[in-house]
2 protein chains.
Amino acid sequence: MAATIRDVARLAGVSASTVSRALSMPGVVNATTRARVQAAAEQLGYAPNKAARGLITGRTGNIGLVVPDLANPFFPSVVKGVQARARMHDVAVFLADTDEDAAAEVGLVLALAKQVDGLILCSPRADEDELAAIAADTNVVLVNRLVEGVPAVTFDNEGGMRQAIAHLVALGHRKIAWVGGPKTSWSSAHRSIGLYAAAHDHGVKLVDVGHFAPTYEGGMAAADQAVASGATAVVAYNDLVAIGLLARLHARGITVPDDLSVVGIDDIAMSRMSRPALTTVRLPKQRAGEIAVELLLAMIDDPDPDTIIGTRGTLHGELMVRDSTGLAADRTSDPARP
Amino acid sequence: MAATIRDVARLAGVSASTVSRALSMPGVVNATTRARVQAAAEQLGYAPNKAARGLITGRTGNIGLVVPDLANPFFPSVVKGVQARARMHDVAVFLADTDEDAAAEVGLVLALAKQVDGLILCSPRADEDELAAIAADTNVVLVNRLVEGVPAVTFDNEGGMRQAIAHLVALGHRKIAWVGGPKTSWSSAHRSIGLYAAAHDHGVKLVDVGHFAPTYEGGMAAADQAVASGATAVVAYNDLVAIGLLARLHARGITVPDDLSVVGIDDIAMSRMSRPALTTVRLPKQRAGEIAVELLLAMIDDPDPDTIIGTRGTLHGELMVRDSTGLAADRTSDPARP
DNA sequence: CTGAAAGCGCTAACAG
DNA sequence: CTGTTAGCGCTTTCAG
């Protein structure tokens with residue numbers, strides 16, 4: 001059906017090897033033959049078969065991307081970044097959604113590993129040893145997760161949390177609740193650490209409300225405990241949780257930000273659309289995907305050296321102040337508050 | 001690095017072909033040798049190289065999926081459905097996001113076509129002739145779009161709109177506004193048709209407010225015109241638009257549903273989270289992805305016959321009544337309303 | 001600078 | 001039931 005390299009060779013009156021060279025190492029071939037070959041290729045609509053090429057070069061020109069759940073708006077953003085950058089480099093992207101199933105994750109990765117040059121893994125759950133094992137014989141870049149010796153793109157969770165706390169303290173809050181994500185989540189743990197450090201530095205109290213699903217429902221579930229904690233502000237594991245919080249608070253007749261301020265993390269599109277609009281720490285999700293691709297491609301071009309192994313890109317978050325910590329909630333002039 | 005079929009053959013003391021057979025046509029090989037081969041394969045962690053296999057069988061075991069914009073929550077759902085079903089059949093999925101760029105779409109499709117057995121296209125924008133041309137020499141299944149002679153999975157837009165109108169009419173609405181999507185959108189056109197037909201049947205008036213971007217911003221832009229139309233209810237092109245509408249109405253102090261009722265289409269996750277929760281027509285997005293895979297796989301197994309070419313799966317929507325058309329808006333007992 | 005030959009990992013005849 | 005042979009489409013020595 002599709003034209004092969006030999007069809008082009010015949011039409012151009014040269015050998016297959018010349019076609020191959022003319023197309024992938026233009027400099028090494030006579031200008032006129034090159035032109036002839038290119039014309040022939042054009043005419044036939046020839047495009048090299050990547051699979052066949054990969055068989056011999058050991059490079060497929062494809063990369064794999066594994067995400068836990070596309071329904072969480074965080075991940076489509078990362079995927080978009082990966083896509084865009086991959087396309088720039090003319091590499092195709094295999095996508096796998098593990099549905100938050102750490103076991104499936106490993107299986108999928110193994111299956112994919114055979115037909116790609118490298119893998120980008122957003123795997124909050126998978127076992128650290130398994131990740132290390134996979135990284136041992138495949139090019140792997142981790143996103144939003146750190147494992148010894150594996151290149152990764154992460155977010156500066158500590159810094160983001162510091163900004164959130166500073167903002168809340170400036171508004172007069174002295175007791176702040178933290179609604180954490182899943183127990184096993186790497187980023188939840190790091191956000192927690194940053195929060196405690198910042199709270200300590202500012203001399204304010206942080207109350208840990210517990211671990212919840214990283215979803216709208218998780219936020220609904222956490223809301224009552226957050227209220228009961230007596231805090232005047234809540235920081236949620238992510239925006240989805242924060243929005244769940246908002247919903248439950250509204251249902252209970254608790255006004256945000258007047259009665260309670262809420263801060264999320266991620267800055268998903270939905271955050272601007274919630275009522276009230278959500279103050280959140282914007283994470284450059286798309287950028288993370290782009291950088292992951294660059295890192296991966298660098299590893300593929302030049303595997304092994306220490307310049308890359310262990311490399312990490314750290315991206316900084318940026319506080320987006322919106323209505324959920326609005327001025328109405330300024331407690332600096334309210335003597336009744338502790 | 002990775003074990004090849006010959007490594008397994010050597011370890012099992014058989015020939016490469018026997019390994020190949022033992023693994024892919026187990027019935028045709030002696031039970032004891034088969035066991036030996038399987039053990040060897042296991043021990044070496046052998047997995048066949050799909051690219052090499054594809055070279056000879058002409059089947060890659062991969063499919064391609066093209067979507068216009070992952071940031072629109074509609075598409076991640078479809079992708080999830082495709083993923084899940086593809087995994088069941090042990091096929092891998094290439095994903096491409098065209099960023100709403102119809103031109104890029106074609107280029108991407110051509111590039112992908114070489115390394116997949118078939119393509120699932122969610123291409124609201126691409127030119128009809130181009131789609132037909134692509135479908136002529138590649139297995140293609142369209143989602144949410146109909147082109148002569150190309151298998152497709154679509155939604156019953158007319159039926160969905162009929163449900164929406166029936167609901168609004170039952171609540172006493174007699175003048176309903178329609179906020180359409182992009183001019184070139186296939187589904188916007190069909191939704192419009194369904195709406196007019198239903199309005200006509202019920203003897204109520206439908207006001208076309210115009211075409212808007214299928215986004216939150218589009219909804220914001222449409223809100224004032226919807227209000228000015230004098231309608232008591234609005235049907236929006238999709239949920240994102242409806243939620244934009246809600247935001248702008250709120251900003252203007254117009255209460256939903258008391259002053260104006262709003263209905264969306266899609267039932268994205270966000271719809272349950274908006275305030276008020278959005279009444280919408282639920283489209284089985286994930287199911288659409290699953291069916292698209294089944295259709296595509298059927299075409300691949302058995303290309304050409306008329307049983308498939310021209311086949312279409314039509315999925316029906318389901319009205320989800322929520323607060324944005326709440327009881328408070330019941331106009332049946334309100335004599336002041338027309 | 002170009003052609004011929006070899007072979008990537010695998011499967012499909014074809015013998016045995 | 002199993003081994004041998006050939007070759008998918010391509011790149012890469014190796015000669016010329």
Asker: Looking at D/dT2, I'd like to know if its phosphate oxygens (OP1 or OP2) sit under 4.0 Å from a side-chain N or O belonging to B/Ser17.
Answerer: no
Asker: Report yes or no: does A/Asp97 contribute a side-chain atom to a donor-acceptor pair with the main-chain N or O of A/Leu70 at less than 3.5 Å?
Answerer: yes
Asker: In whole Å, I'd like the distance from the CZ atom of A/Arg6 to the C1' atom of D/dG9.
Answerer: 7 Å
Asker: Using C1' atoms of five pairs at each end, report the bend of the helix from C/dC1-D/dG16 to C/dG16-D/dC1 rounded to 10 degrees.
Answerer: 40°
Asker: OP1, OP2 of D/dT2 versus side-chain N and O of B/Ser15: anything below 4.0 Å?
Answerer: no
Asker: Give the rounded distance in Å between these two atoms: CD1 of A/Ile56 and C1' of C/dC8.
Answerer: 6 Å
Asker: Determine yes or no for a side-chain-to-main-chain donor-acceptor pair under 3.5 angstrom, with B/Thr138 supplying the side chain and B/Val140 the backbone.
Answerer: no
Asker: Quick check: closest heavy atoms across B/Ala51 and A/Ala51, and the distance to 0.1 Å?
Answerer: CB-CB, 4.0 Å
Asker: Could you tell me how far apart B/Arg10 (CZ) and C/dG9 (P) are, to the nearest whole angstrom?
Answerer: 11 Å
Asker: Looking at every non-hydrogen atom in both residues, tell me the closest pair between B/Val150 and B/Ala135 and how far apart they are.
Answerer: CG2-CB, 3.7 Å
Asker: Is the ring pair B/Phe155/B/Phe74 parallel, tilted or perpendicular, if the boundaries are 30 and 60 degrees?
Answerer: perpendicular
Asker: Report the nucleotide, chosen from C/dA4, C/dC10, D/dC10, that has the shortest atom-to-atom distance to any side-chain atom of B/Ile5.
Answerer: C/dC10
Asker: Once you round it to whole Å, what is the distance between P of D/dT12 and CG of A/Leu55?
Answerer: 12 Å
Asker: State, to 0.1 Å, how close B/Gly64 and B/Leu112 come at their nearest heavy-atom pair, and which atoms those are.
Answerer: CA-CD1, 4.4 Å
Asker: Is a side-chain N or O of B/Asn62 found less than 3.5 angstrom from the main chain of B/Val116, in a donor-acceptor match?
Answerer: no
Asker: Quick check: closest heavy atoms across A/Leu121 and A/Leu131, and the distance to 0.1 Å?
Answerer: CD1-CD2, 3.9 Å
Asker: When we call it a touch if two heavy atoms are under 4.0 Å apart, what does A/Thr57 touch: a base, just sugar-phosphate, or nothing?
Answerer: sugar-phosphate
Asker: Take the protein atom CZ of A/Arg21 and the nucleotide atom P of D/dA15, then report the distance between them rounded to whole Å.
Answerer: 15 Å
Asker: According to salt bridge (charged side-chain N to carboxylate O under 4.0 Å, His left out), does anything in residues 41-67 of chain A pair up with another residue at least two apart or in another chain? List the pairs.
Answerer: A/Arg59-A/Asp301
Asker: Counting only non-hydrogen atoms, which of residues 22-52 of chain B are less than 4.0 Å from DNA chain D?
Answerer: B/Val29, B/Asn30, B/Thr33
